[in-house]
Amino acid sequence: MTSGPTIAIIGAGMGGLTAAAALRHVGVDVTVYEQARQFSRLGAGIQVGCNAMHVLRGLGLEPRMRAEAFYPRSWNNKEWQTGEVKFDQIFGPSAEARYGAPYLLAHRGDLHGALMSTVPPEHVRLSHTLVGLDENAHGVRLSFADGSSVVADAVIGADGVHSTVKDLLFGESEANFTGRIAYRTTFPAQLLDGYEIDECTKWWGPDRHIVIYYVNPDRGEVYFVTSQPEPEFTVESWSAKGDMDTLRAAFEGFHPQVQHTLKACPDVHKWALVDRDPLDSWSVGTVTLLGDSCHPMTPYMAQGAAMALEDAVVLARLVDGADDRAGIADAFRRFEATRKQRTSRVQLSSRTNTWLKEPTDVDWVYGYNAWTTPLAD
């Protein structure tokens with residue numbers, strides 16, 4: 001049952017769906033508006049850290065994720081040619097005991113599907129592209145490209161690195177193009193033809209790297225993602241195709257595991273890597289930003305989605321009990337105060353691309369529990 005203020009969420013990605021689920025969990029009436037006409041299971045993996053698993057556990061999704069995702073012994077970091085171990089970050093049962101939740105490797109589509117299952121279909125409106133926001137004393141009017149409009153008491157922008165909500169609140173600004181691109185895909189492990197690869201390894205080269213891991217319990221699918229310099233490419237679409245011969249040439253000389261994986265892979269997608277500097281503010285009145293819309297980051301710590309999931313739970317905890325628009329505006333202020341230091345630290349740490357390259361303090365990342373972390377006044 002829901003009552004009290006209504007909240008519109010822009011974007012049905014990881015952060016938007018988690019926000020919808022968490023807000024419904026505390027009895028808030030939410031509707032999610034998504035510009036896509038449908039969702040597809042893109043060829044992408046995702047590392048679901050212990051901190052993200054705490055979020056999913058609270059939403060009742062842990063059994064499903066354990067059944068669908070891979071449970072690795074570690075995230076191993078190796079030298080690109082010799083395979084010499086630089087740092088082997090152990091996960092498995094020891095990390096689960098230490099941080100109170102498992103570390104899993106999943107297909108991004110499986111995680112998105114799990115989150116979709118927590119929000120009734122009638123609360124998700126596809127084919128809704130936001131074009132305008134107008135806040136007044138009575139609420140926030142949202143205008144969409146198809147000419148329709150709705151009024152809600154509050155709005156959460158969870159619409160990604162090129163957030164329309166952010167642009168409408170604070171003006172348009174360019175993201176930071178890193179001059180680097182990523183190739184990524186999933187493909188059937190049977191194409192490896194029995195060749196043995198590690199469970200999860202990042203192969204560190206002088207100016208590029210590749211991460212390879214399984215995404216399901218039966219090791220039936222392999223995922224890899226790269227990062228390498230290609231400053232002339234600035235396309236950010238996850239569906240843009242890459243050329244396999246170009247990719248293989250870029251990793252010539254890497255360890256045989258890398259060579260064999262790339263040789264077995266039939267096709268690949270590519271996209272430009274971008275982030276932003278931390279924003280000065282996330283909220284205006286009863287409109288706030290969440291996830292990549294306010295703190296997009298490079299993927300080098302595998303924490304971008306996790307930060308959005310954490311945001312969603314902290315925001316729901318703060319909105320819980322807010323019975324009018326003034327209460328929601330105060331909750332949004334406290335949300336930024338609670339989360340900004342942590343997300344800024346992860347943003348800036350990820351930008352350096354040194355995470356786990358050598359022995360690393362990981363407790364501050366994986367030991368965080370969004371359901372219990374102290375909330376700002």
Side-chain angles (χ1 to χ4, degrees), residues 13-14 40-49 75 77-78 80 105-109 111-112 160-162 174-187 197-198 200-215 221-255 257-259 261-276 291-292 295-308 346-357:
M14 304 296 187
S40 59
R41 192 176 186 270
L42 294 172
I46 188 168
Q47 302 196 36
V48 187
W75 175 349
N77 295 266
K78 293 185 175 181
W80 64 292
L105 307 174
H107 194 293
R108 185 174 286 266
L111 175 56
H112 189 265
V161 62
H162 296 295
E174 291 295 322
N176 301 321
F177 280 90
T178 64
R180 304 181 67 82
I181 58 133
Y183 288 80
R184 72 174 178 184
T185 195
T186 57
F187 65 91
I197 64 170
D198 295 343
C200 177
T201 294
K202 183 171 183 176
W203 301 89
W204 293 83
D207 67 344
R208 63 199 61 202
H209 71 252
I210 181 169
V211 182
I212 306 171
Y213 56 81
Y214 295 103
V215 296
E221 279 185 288
V222 176
Y223 170 69
F224 69 78
V225 61
T226 74
S227 173
Q228 65 239 57
E230 195 174 316
E232 69 278 9
F233 184 82
T234 57
V235 177
E236 295 174 75
S237 168
W238 285 10
S239 61
K241 285 286 190 176
D243 179 72
M244 282 305 306
D245 290 336
T246 301
L247 174 58
R248 290 168 185 143
F251 286 85
E252 185 176 353
F254 270 65
H255 189 275
Q257 280 196 42
V258 174
Q259 300 289 319
T261 299
L262 296 182
K263 182 179 179 181
C265 177
D267 59 29
V268 72
H269 294 91
K270 65 187 289 191
W271 88 106
L273 295 177
V274 303
D275 72 355
R276 291 184 187 274
D292 282 352
H295 49 71
M297 58 192 69
T298 56
Y300 304 139
M301 288 175 66
Q303 282 290 311
M307 291 301 104
V346 175
Q347 263 184 297
L348 299 176
S349 297
S350 187
R351 184 179 289 176
T352 68
N353 191 20
T354 56
W355 184 249
L356 304 184
K357 190 174 185 179

Are any side-chain N or O atoms of [X] and backbone N or O atoms of [Y], one a donor and one an acceptor, separated by less than 3.5 Å?
X      : Y      : value
Thr226 : Tyr183 : yes
Gln259 : Phe251 : yes
Arg351 : Arg276 : yes

Would you name the heavy atoms of [X] and [Y] that are closest together and state the gap between them?
X      : Y      : result
Val48  : Ala106 : CG2-CB, 4.2 Å
Thr186 : Gly45  : CG2-N, 4.2 Å
Ala182 : Val225 : CB-CG2, 4.2 Å
Cys265 : Arg248 : O-NH2, 2.9 Å
Gly291 : Ala308 : CA-CB, 3.8 Å
Val268 : Asp243 : CG1-N, 4.4 Å

Going by heavy atoms in the side chains, are [X] and [Y] under 4.5 Å from each other?
X      : Y      : answer
Ser349 : Met301 : yes
Leu105 : Trp75  : no
Ile212 : Val222 : yes

Hey, what do you get for [atom1] ([X]) to [atom2] ([Y]), rounding to the nearest 0.5 Å?
X      : Y      : atom1 : atom2 : answer
Lys202 : Trp355 : NZ    : CH2   : 11.0 Å
Asn353 : Arg180 : CG    : CZ    : 7.0 Å
Gln228 : Leu273 : CD    : CG    : 9.0 Å
Thr185 : Met244 : OG1   : CE    : 8.5 Å
Ile197 : Phe224 : CD1   : CZ    : 11.0 Å
Tyr213 : Ile46  : OH    : CD1   : 7.0 Å

Could you go through the side-chain contact (heavy atoms from CB on, under 4.5 Å) check for His107 and Tyr223 one step at a time? CA-CA 8 Å; His107 194 293; Tyr223 170 69; over 6 Å; no

Classify the ring geometry of Trp204 against His209: parallel below 30°, tilted from 30° to 60°, perpendicular beyond 60°.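 Tilted, since the angle between the ring planes falls between 30° and 60°.
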
Which is it for Lys270 and Lys241 under the side-chain contact (heavy atoms from CB on, under 4.5 Å) test, yes or no, and what are the steps along the way? CA-CA 6 Å; Lys270 65 187 289 191; Lys241 285 286 190 176; over 6 Å; no

side-chain contact (heavy atoms from CB on, under 4.5 Å) between Phe187 and Thr261, worked out: CA-CA 10 Å; Phe187 65 91; Thr261 299; 3.9 Å; yes

Walk me through it: do Met307 and Gln347 pass the test side-chain contact (heavy atoms from CB on, under 4.5 Å)? CA-CA 10 Å; Met307 291 301 104; Gln347 263 184 297; over 6 Å; no

